[in-house]
Structure formats: C-alpha cells, structure tokens
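So that the names make sense, note that chain A is the first sequence line, chain B the second, and so on, each numbered from 1.
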Protein chains: 2
Amino acid sequence: MATIYQVSDLAGVSLATVSRVLNKNARVSDKTRDKVLAAMEELGYRPNSIAQSLASNRSNSVGILVSELDGPIYGQMMAGIESELRTAGKHAIITTGYSEEEKEKDGIEFLLSRNCDALILHAEAVSDEYLIELSKGKVPIYLVSRYVKELKDNCISIDNRLGGYLATKIVLDQGHKDIAYISGRLNKPDTTNRLIGHKKALAEENIEFDEQLSFVGDYSETGGMAGLKYFIDNKLNFSALVCANDEMASGAMKYAREHGFNLPEDLSIVGFDNVSFANYLYPKLTTIDNPTNEMGKMAAKLVLKTVYKQKNIKTHNIFEPKVIMRKSVIIHKG
Amino acid sequence: MATIYQVSDLAGVSLATVSRVLNKNARVSDKTRDKVLAAMEELGYRPNSIAQSLASNRSNSVGILVSELDGPIYGQMMAGIESELRTAGKHAIITTGYSEEEKEKDGIEFLLSRNCDALILHAEAVSDEYLIELSKGKVPIYLVSRYVKELKDNCISIDNRLGGYLATKIVLDQGHKDIAYISGRLNKPDTTNRLIGHKKALAEENIEFDEQLSFVGDYSETGGMAGLKYFIDNKLNFSALVCANDEMASGAMKYAREHGFNLPEDLSIVGFDNVSFANYLYPKLTTIDNPTNEMGKMAAKLVLKTVYKQKNIKTHNIFEPKVIMRKSVIIHKG
DNA sequence: AATAACATGGCGACTATTTACCAAGTTTCT
DNA sequence: AGAAACTTGGTAAATAGTCGCCATGTTATT
C-alpha cells in the first residue's frame, strides 16, 4: 500500500504539503493540490487510518452500546447513529449490553479499550452513579433514551411524561373512563414518568387513579399477557388498556383474543414506542411514537459537534412524543 | 494513559517481557507474569489497540456490511456476528448498503479504508463479478446469505432450494392442490432456488406448475399485496399461497383480510424467513426458518478460524432451513 | 557437574502518520 | 520597489506498540 512518502515523491512535493492536502488545515495552492491528488489517484493511495489515529490521538470511531442488536427499537437507533457518523467519515463500533449490568459494563470497557473518541450509550441496567463517574473520564459519553440530570447536556431523550399523558388522553378522548394501565418496572425514570403522565391525564378528567387497575410488567410480551390476566382474574371493570410499550400491548392483545375478546370492540388498547411490528398487529396498534431513529441521529450530531468540533450543527436534547392513531382504539359505547 | 514503558518500569522488567505477557506468544515464568500483571493493574494500563494495530499490521476489526440496520433479519445476523467477534476480542465495524449497488460499494470502500482484517458482507445489489474481483484484494471477504460458486468456501448460505420445497410441501401435506406463489425478483440465486424448490414439490405430487399462479414481487409488503391482488383480479382458483418471504406474506394477509377473506379458513399462507414479527401476525404465520443469527455466528467463526488462525473451530457453509408450524395453514376442505 | 532448555534483558528497526517550527521562495498589493 | 501575505520545503519529534536477534542468566535434567 502506498504511503505519503511515495505520494510526495511522485508529486514532486514535500511530505508536509501532502499532509496539508490531506488534512485541509492549511492553504495549498490549487496547482500543487491537483498534483498531489493526481499522485494519490495514480498510486491508489488511501490514508492509513490507523497511523492517523495513532499520530493524532484520535480514532475517528465512536463506540455504541445498545441493549440488543435485533430489537425493533435499537435497530432504528443504530441506523440513525450510523448514517450520521458515516457521512462524517467516522465509524461506529457497535456492541451490546443485553440490559444486564455486568454486560453493559463489559461492553463499555470493551469500547474504551478500542480508543473510541466518544461513546453513545443506550444503557439501561447500569446506575446513574456509574454513568456520572464514567463521564469524568477522558472519553465523553452521550446517553440516548435516558435522562440523568447531572449529565443533561449529554442526554437525548423523549418527554416520557408527555408521552404517558398523550397515551391515556387517546382513550379518554374516546369516552373511556375505566382505564387499565400496564407499566414497566418502576426502577427507571422513563417508566415512572410515563406513569406520571398517565395519572395526570386521569386527573384532568377528574378520574381517580385506581391502584388496582395498574400492573407492573416487564416490557415483554409475557408481561402484557400477565397484566391483562391479572385484571381479568380480579374481575375488574375496564374498557381500555394503556401499555407502557408495544410488546406488552401485543401480549395483551394475544391474551385478550385467546380469552374471547373481540378487538377492538371489547377492549381498546394503546401501546408506546411505535415499533415496526405495531403496524403488523391485528388490529393495527394505536400507539405513541418514540422517534428512536431521530434520537440516534441527534446523538451522533451531538458527538460531531462537541467532540469533532464540526460547525453549524443544531442540536436539541428532548424530543416530543407523537400520537399514532391506528385501529386498536374505538369510541366507548357505554 | 499508561504505556508499556511505565509498566516495565514499575514491574522492574524489560519491555520485551511486557510484550511477551501481553501477546502470550512466548514463555514467561509465573512469577514475572504476576509482577507484570500487578503493575498493569496498578497503573490501570490498557493496551493501546491503535498502536498495536499499526505495529502488527492488524486492526483486529472486522467490517460488516448489511442491507439495513433495522430490518428483523439483519439485526439477528449482526447479533450473531458481534457476539462471536466480541468474545474473541475483535470488533465489528458496521455499515449499511441499503441494497443499492452504489451504496454497497461505498460501504465496502469505507470498510476497506478502516483497515479491516476481513469483511463480512451481506451484499445484495453488487454483482458476482465485483465480489470475485474484490476477493482478489488483500482483505479476505466472506459472504452471508449469498452463494457465489467461485467463492464457495467463503460463503455462508442456506439451502434455498430445500427451503422452497419445504414451504410448498407444508400446504401440499394439508391437501392443497391449487397453490399460488409469490416470488421475489428473479435476479438473485436465492430467489430462483426457492422457486425451483417450489416447482420440485409440485412435481412430486404430479401437479403441473402454472405460470399464471405465480407472481414476481419485490420482497416488500406491498409486493405481497400486489401479488394477491393479481391472483384475485384474474379470478384464479387457489386455496393456498406460498410467499418467498414473510413481508410479502404479511402484505398478502392484509390484502386478503381487507377483501373479505377469513384467515386461515379461506386461504392458507406460508412465508419464508421466520422474522420476529411473523409471530405477531394474526394468524401467526407458518413459515420457513432462515437461521440468520447462526449464519452470522458462523461467518464470524469462519473469520476467526481463517484470518485470525484460531484453532479448534468447526465451521460449515450451508445451513438447512426448517419448517415452523404455526396457525396460518389449515387442512384443505375440498 | 556438565549440559540443555528455559527465561529474560536490551537493543534497534519498523509501522504511517501528525504536528510544530522555521526558513526560503513566490505572489500580490500599495 | 518594497512590504506584506501566502505557499512550500525540510526536519525532527512524537504516537505506542511489535518483532526479531543475540547475549546472558537461571533452572532442570541426566
């Protein structure tokens, strides 16, 4: 493989000039630049990114940690991150944490050992304290879909409180009064904020929040099934069900259908996230859009702006959830 | 960040010895190894992977090209690749080609410019010739879910002919005789092989393949909808539909339901791939499992074995598709 | 106790590039 | 014409390791 020495030889130009052409950090006359570029072309020169990294102490790579590679949400997030980084010539080193504390820490260690210039983390299991401590290190970290107050400028998240509010508002607007709620585990702020939003929507309609009509699931399909089973087994009265994510909504749908419900006639259901399969469910799931793709893009932009000092990049940290109306909610006939 | 010099200082040992400990390529007495490891620990030493790469001319990174980051298939494939590579301490640089020739080439160029030790490609748009040419370069390439005869040792693929055969066999076994088939575009061997399998299954039952009852789709939901529309508009007679992938099966289901079909009573449907949402469809889709996750793992193992010379790794190149029985096919009442 | 095998030290070359610096030459402007 | 601004050359240090060689010292084997 050709080196800059050979390029400088062939172009009849000094090493420094070749470097200047490569890095665009100093004036080079058009004539000499053309000579250099022609020489590179002729030699098929490709800068050795590893040597560049070593000398400049920059790896031009950004470490990405997601919970899964094959979940519908993470895929979109990665797609967003990768496309932004790649157009900037940076690359993504991707690894997974499987929502387990030890594995997330391992993954982060792994990324640090690869000399990433920054980390974009979708860490779920690791504590706020750990992240705060980590952020004191030399490698800047950015959090997607997680809000940690102390690191708020480096967080990209959605307004989960508003999301929870909107989800419940959908069924309220259709006249439902008895609304069951399946939450995720309450140890994450995302989850509790969705619940707070739910309660707020109820309060606005002067409906008292009924502890009995809420269930703590685990964001999985089976969690949704368990939740609906619980409500039915306890002979509770409800005409609508709001779930804190689409997986649980899907599970609830399955359980409902297996137990003689006609959907959506007998039960209106709202999900959260708007994952890709929400559109494949029957009936198509009404849900709240969680713009993970754009959040991924924004996280990447934040890195480009703050770490790589690119100009003219506009960023914002909080995204607004949007209502996606489909077929799983109907007007309450009461 | 600490360097090996500081480690060797602190451990009271030579540079060479530290390197020996790091690379495990020469005998080091337990006593000195412990001293070295203790020094590393104390300094928080982490080898600089970039300097290692430069000096050893190995980047320990493998470039991955997939068609999308957020498709159900590619996610599983990446998950398989990444987990294998990571346990071996190698890392994955992931990029996308969006099934477009130019973008795939760009992506490959990008990966080559990052000094990857090998490429694992799920390239769909690029020609066989291009890949063969590429394989003559210094960086070895491996193909997933694609079979190119000239590179067969570097290809991981499934037996699509058998898959197509099994898919059609499912409905034949339930007594169906009039079987429609929605194919993908016939420019890819995967697609034509599935069709060949379909024809073979028909032939075994002495059913003549009816050109009218086959439609060329594009592997998308709308392709499936268009296919079913075509069969219906032409007033063709069929009780079962075999689709060359799950997306098209899902589209056909939607179209069928919107046009008054009761599923699965009025039409039995078989998909192909067993993507994650197949289980969320209603009725749950009977399909052929395409073990992309394992294929990804196998591709990574192949790289570990052939590029990184790891021992005791067993590999094979062709995977067998399996039937996944669910609810979208019922016995033919006729 | 002699010899072989093993463990370690020390050195130097090598990897491809960045970065800073100063000097010298060339344009351009006034 | 003289000064200022721009362009280029040349050099050298720095980046953090790998790799191979040979000499020397230390154990183990017989």
Side-chain angles (χ1 to χ4, degrees), chain A residues 1-40 43-61 89 112-117 138-139 308-309, chain B residues 1-40 43-61 89 112-117 138-139 308-309:
Chain A
M1 187 95 287
T3 71
I4 43 171
Y5 295 92
Q6 293 167 280
V7 173
S8 81
D9 257 16
L10 184 62
V13 126
S14 83
L15 212 56
T17 304
V18 178
S19 178
R20 286 179 188 121
V21 171
L22 274 177
N23 294 293
K24 297 167 187 154
N25 51 9
R27 288 274 144 74
V28 179
S29 71
D30 290 355
K31 217 173 72 186
T32 41
R33 171 178 298 108
D34 286 351
K35 270 196 303 189
V36 172
L37 292 176
M40 286 179 174
L43 291 167
Y45 171 77
R46 209 184 260 142
N48 182 323
S49 61
I50 294 188
Q52 286 179 319
S53 296
L54 183 62
S56 65
N57 200 25
R58 277 266 200 70
S59 68
N60 288 312
S61 66
L112 289 175
S113 80
R114 305 319 290 207
N115 300 75
C116 296
D117 297 330
K138 270 199 311 295
V139 181
Y308 296 114
K309 310 293 180 201
Chain B
M1 187 95 287
T3 69
I4 43 171
Y5 297 91
Q6 293 166 282
V7 173
S8 81
D9 257 16
L10 184 62
V13 122
S14 83
L15 211 57
T17 304
V18 178
S19 177
R20 285 179 189 121
V21 171
L22 273 177
N23 296 294
K24 296 167 187 155
N25 51 10
R27 288 273 145 76
V28 178
S29 72
D30 290 355
K31 216 173 73 188
T32 42
R33 172 179 296 107
D34 286 351
K35 271 196 303 188
V36 171
L37 292 177
M40 287 180 175
L43 291 168
Y45 171 77
R46 209 183 261 140
N48 182 322
S49 61
I50 294 188
Q52 285 179 319
S53 297
L54 185 62
S56 65
N57 199 25
R58 276 268 197 70
S59 67
N60 287 313
S61 66
L112 289 175
S113 79
R114 306 317 291 207
N115 299 75
C116 296
D117 296 331
K138 271 201 308 299
V139 181
Y308 295 112
K309 310 293 179 200

Spacing of Arg114(B) atom CZ relative to dA16(C) atom P, expressed in whole Å: 17 Å

Gap between atoms CD1 and C1', on Ile50(B) and dT18(C) respectively (whole Å): 13 Å

Interatomic distance, Arg58(A) CZ vs dT18(C) C1' [rounded to whole Å]: 11 Å

Euclidean distance, Asn57(B) CG relative to Asn115(B) CG, rounded to 0.5 Å: 8.0 Å

OP1 or OP2 of dT17(C) under 4.0 Å from side-chain N/O of Ser53(A): no

Phosphate OP1/OP2 of dG9(C): any Thr17(B) side-chain N/O under 4.0 Å: yes

Whether Ser49(A) side chain and Ser113(B) backbone form a donor-acceptor pair below 3.5 Å: yes

Check ion pair Arg33(B)-Asp30(B) (N to O, under 4.0 angstrom): yes

Interatomic distance, Met40(A) CE vs dA16(C) P [rounded to whole Å]: 15 Å

Tyr45(A) OH to Leu22(A) CG distance, which is reported to the nearest 0.5 Å: 5.0 Å

Sugar-phosphate or base contact per nucleotide [nucleotides 13-21 of chain D; S, B, -; heavy atom under 4.0 Å]: --BBBB---

Any Ser29(B) side-chain nitrogen or oxygen under 4.0 Å from OP1 or OP2 of dT8(C): yes

Spacing of CG belonging to Leu10(B) relative to CE belonging to Met40(B), to within rounding of 0.5 Å: 11.0 Å

Euclidean distance, Leu112(A) CG relative to Arg114(A) CZ, rounded to 0.5 Å: 12.0 Å

